[in-house]
Amino acid sequence: MGSLRRSHRCGEVMSSAVGSEVVLAGWVHRRRDHGGVIFVDLRDKTGLVQIVFRPESTPEAHARAHALRSEWVLMVRGVIERRSDDTINPNLPTGTIEIDVRELRILNSGSVPPFAIEDETDVDEQIRLRHRLHDLRRAPLQRALQIRHDLARAVRESLSSQGFMEIETPILARATPEGARDFLVPSRHHPGQFYALPQSPQIMKQLFMIAGCDRYYQIARCFRDEDQRADRQLEFTQVDLEMSFVGVEEILAVLERVTLEGCQACGVVLPTPFKRITYAEAMGRYGCDKPDTRIQLELVDLTSEFSTSEFKAFRDVVAGGGIVKALPIARADELTRGEIDRLEKFVRKELGAKGLGWIRVEADGSWKSPITKFLGAAETAAIEKRCQVEPGMVILFQADAKDKANAILSRLREDIGRRLGRVDGRAWDPLLVVDFPLFERDEKGQLTYVHQPFVAPVEEDLPLLDTDPQKVRGTHYDVVLNGTELGSGSLRNHRSDVQRKVLAIMGYGPEKMEQSFGFMLDALDTGAPPHGGFAFGFDRWVMKLAGSESLRDVIPFPKSQRGQDLLMEAPSPVDEGQLEELSLRVRLAPV
RNA sequence: GGGCCGGUAGUUCAACCGGUUAGAGCACCGGCCUGUCACGCCGGAAGUUGCGGGUUCGAGUCCCGUCCGGCCCGCCA
């Protein structure tokens with residue numbers, strides 16, 4: 001650069017007057033070389049500005065400008081000029097001006113970029129991840145990083161002003177047998193022993209409450225060695241918070257405020273107060289505990305109607321503890337026979353459905369369907385009434401285990417609802433889901449926790465712990481935004497006797513309880529205050545605000561689905577000496 | 001662990017039923033061009049068809065295996 005220093009950023013040059021001299025720096029976005037005059041679009045994170053090289057004004061700079069190539073790094077000194085009316089570019093915020101270059105400094109050349117740096121790209125994601133530095137230069141990713149920053153800052157401001165203190169917790173923590181797989185870190189000093197990266201600061205934040213910190217928060221990195229999804233990465237960031245001497249309502253108030261203020265900082269105004277729905281109602285109407293309620297299709301439960309049906313296939317499902325549910329779709333002409341066949345193939349192959357029952361109601365009111373021949377008058381009347389049958393309607397059915405039938409119909413509801421545009425006009429749909437059950441049965445029939453083992457039962461349900469634990473509601477709640485779970489929280493058990501009872505119901509004998517949770521139980525006994533809190537999936541929140549479909553578009557250096565960093569090529573083998581020092585030997589499974 | 005989709009030039013795609021020398025746009029390289037903004041015109045170079053094996057007279061194309069990317073189930077909360 002020599003002694004030259006930038007005076008403006010490219011997108012902000014309009015703040016200076018026409019005729020004034022400016023010094024700009026950035027990357028060559030595009031060069032248009034007319035042999036005579038040469039135009040270059042100069043780009044930095046703030047945008048583009050056109051710089052002009054004229055042979056008659058600066059022959060020396062002009063001569064060298066022929067050699068400029070995409071993604072070279074320049075600094076130029078020049079004068080802001082107003083463009084003539086016929087050369088104004090209305091697509092560019094700086095399109096009314098250009099910079100007449102007086103001096104060119106080439107700060108760096110660059111290799112030929114693997115793909116063009118443009119807002120819209122159809123480049124394969126594998127290529128984008130391998131060339132992440134070029135990908136990150138694209139405006140959508142720059143915007144996502146800006147949103148991350150704006151959101152993090154707003155969250156810190158909001159929580160600080162509500163009396164929360166940011167405290168860090170260790171990254172080298174202890175392995176936990178519960179929950180997700182741990183990432184392990186070998187200890188050099190303790191051969192054969194390992195730290196674990198935290199799956200979340202859950203236990204540590206409860207310890208803060210017990211230690212009298214009153215209100216804690218942290219923007220915390222979490223690690224879970226589980227298979228990934230579009231909305232799940234191996235490492236991710238949580239806005240984690242915990243507070244003492246509160247009930248659910250106080251937490252929800254904080255939650256609503258920080259959600260609101262966070263979104264607001266990113267230009268999104270959410271409607272308040274947030275709607276609330278119970279878990280039972282969400283599952284009933286939408287088949288899903290994180291519904292996008294902007295989609296105006298709802299499920300209809302016909303389980304009891306089919307419990308005595310002549311239709312053996314459905315009746316047997318009900319007899320076996322399953323459910324029968326329907327998804328009525330009015331004005332469904334678009335769902336042709338071929339389309340329904342495709343849906344059936346989809347739910348069978350992708351979601352493991354047994355099939356897809358359907359009824360089409362013709363214009364004359366007659367039913368066309370492969371299942372009507374099995375239906376008696378009672379079921380026909382029930383469907384007619386419960387689904388509010390009308391001409392043009394298509395009704396889809398699932399009879400299966402409760403979770404499966406709900407999952408399938410919920411997915412169909414979302415896909416079809418979006419495709420047919422059955423949405424209300426709201427851009428943002430925040431929702432609080434409350435009254436989750438505390439326990440559910442695992443595959444072995446044992447009661448286990450739905451969310452995590454420290455969730456406190458709803459106080460009035462405490463007696464049910466002894467009589468009918470499956471009916472016990474937890475103090476757990478989720479916040480859902482546009483069909484994505486942003487985060488969840490609960491009150492925690494602060495008395496060890498209640499915690500012990502909960503653990504006992506989940507099959508923990510005294511010994512195992514002590515081994516797995518003795519530390520926490522002892523901590524509670526030192527005088528734990530009533531407390532509870534919340535954790536947001538920060539990356540998902542950014543994803544929603546950025547309008548992205550994938551976490552990988554809001555994380556600067558994400559992992560691929562198989563957990564690799566394609567830029568830095570992690571994970572990687574390590575030197576034998578490094579393993580030796582850690583007392584490790586690698587034994588690969590026989591091929 | 002399982003299902004599905006994909007992998008051809010730097011990149012995005014094409015290549016019929018298995019058949020001649022694997023083509024095109026953009027990018028790249030060279031030349032020309034003084035008002036473009038996806039500049040234009042002329043020319044050129046560019047390929048281990050992800051990898052390995054098999055079938056075949058002949059494989060980008062069919063079969064098996066494997067690696068990689070993506071979506072989903074399981075898993076995860």
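Each chain gets a letter, A, B and so on, in the order the sequences are listed, and its residues count up from 1. Predicted, not measured: the structure shown is a model, and the values here were computed from it.
- Taking every side-chain heavy atom of A:A230 into account, B:C72 is the closest of B:C68, B:G35, B:C72.
- Closest approach to the A:R552 side chain among B:G70, B:G69, B:A77 is made by B:G70 (side chain taken as heavy atoms from C-beta onward).
- With centroids closer than 5.5 Å and planes inclined by less than 30 degrees as the test, A:F39 and the base of B:U36 pass as a stacked pair.
- With hydrogens and angles left out, the side chain of A:D124 and the base of B:G6 share no donor-acceptor pair within 3.5 Å.
- Under the Watson-Crick and G-U wobble criteria, each requiring two contacts below 3.5 Å, nucleotide B:G40 is paired to B:C32.
- One cannot find a donor-acceptor pair under 3.5 Å joining the base of B:C29 and the side-chain atoms of A:R69.
- A donor and an acceptor atom sit less than 3.5 Å apart, one in the side chain of A:E98 and one in the base of B:G35.
- Counting atom types as modelled, A:R348 pairs no side-chain N or O with a base atom of B:G3 as donor and acceptor under 3.5 Å.
- Looking at heavy-atom distances under 4.0 Å, A:D33 makes contact with a base.
- Between A:H451 and A:H476, the ring planes are parallel. Angles under 30° get that label, and only those over 60° would be called perpendicular.
- With hydrogens and angles ignored, no donor-acceptor pair closer than 3.5 Å exists between the side chain of A:R30 and the base of B:U36.
- Counting non-hydrogen atoms under 4.0 angstrom, A:R181 reaches the backbone sugars and phosphates but no base.
- The side chain of A:R562 contributes an N or O atom lying less than 4.0 Å from OP1 or OP2 of B:G69.
- Between A:Y477 and A:F534, the two ring planes are parallel [angle under 30°; tilted spans 30° to 60°].
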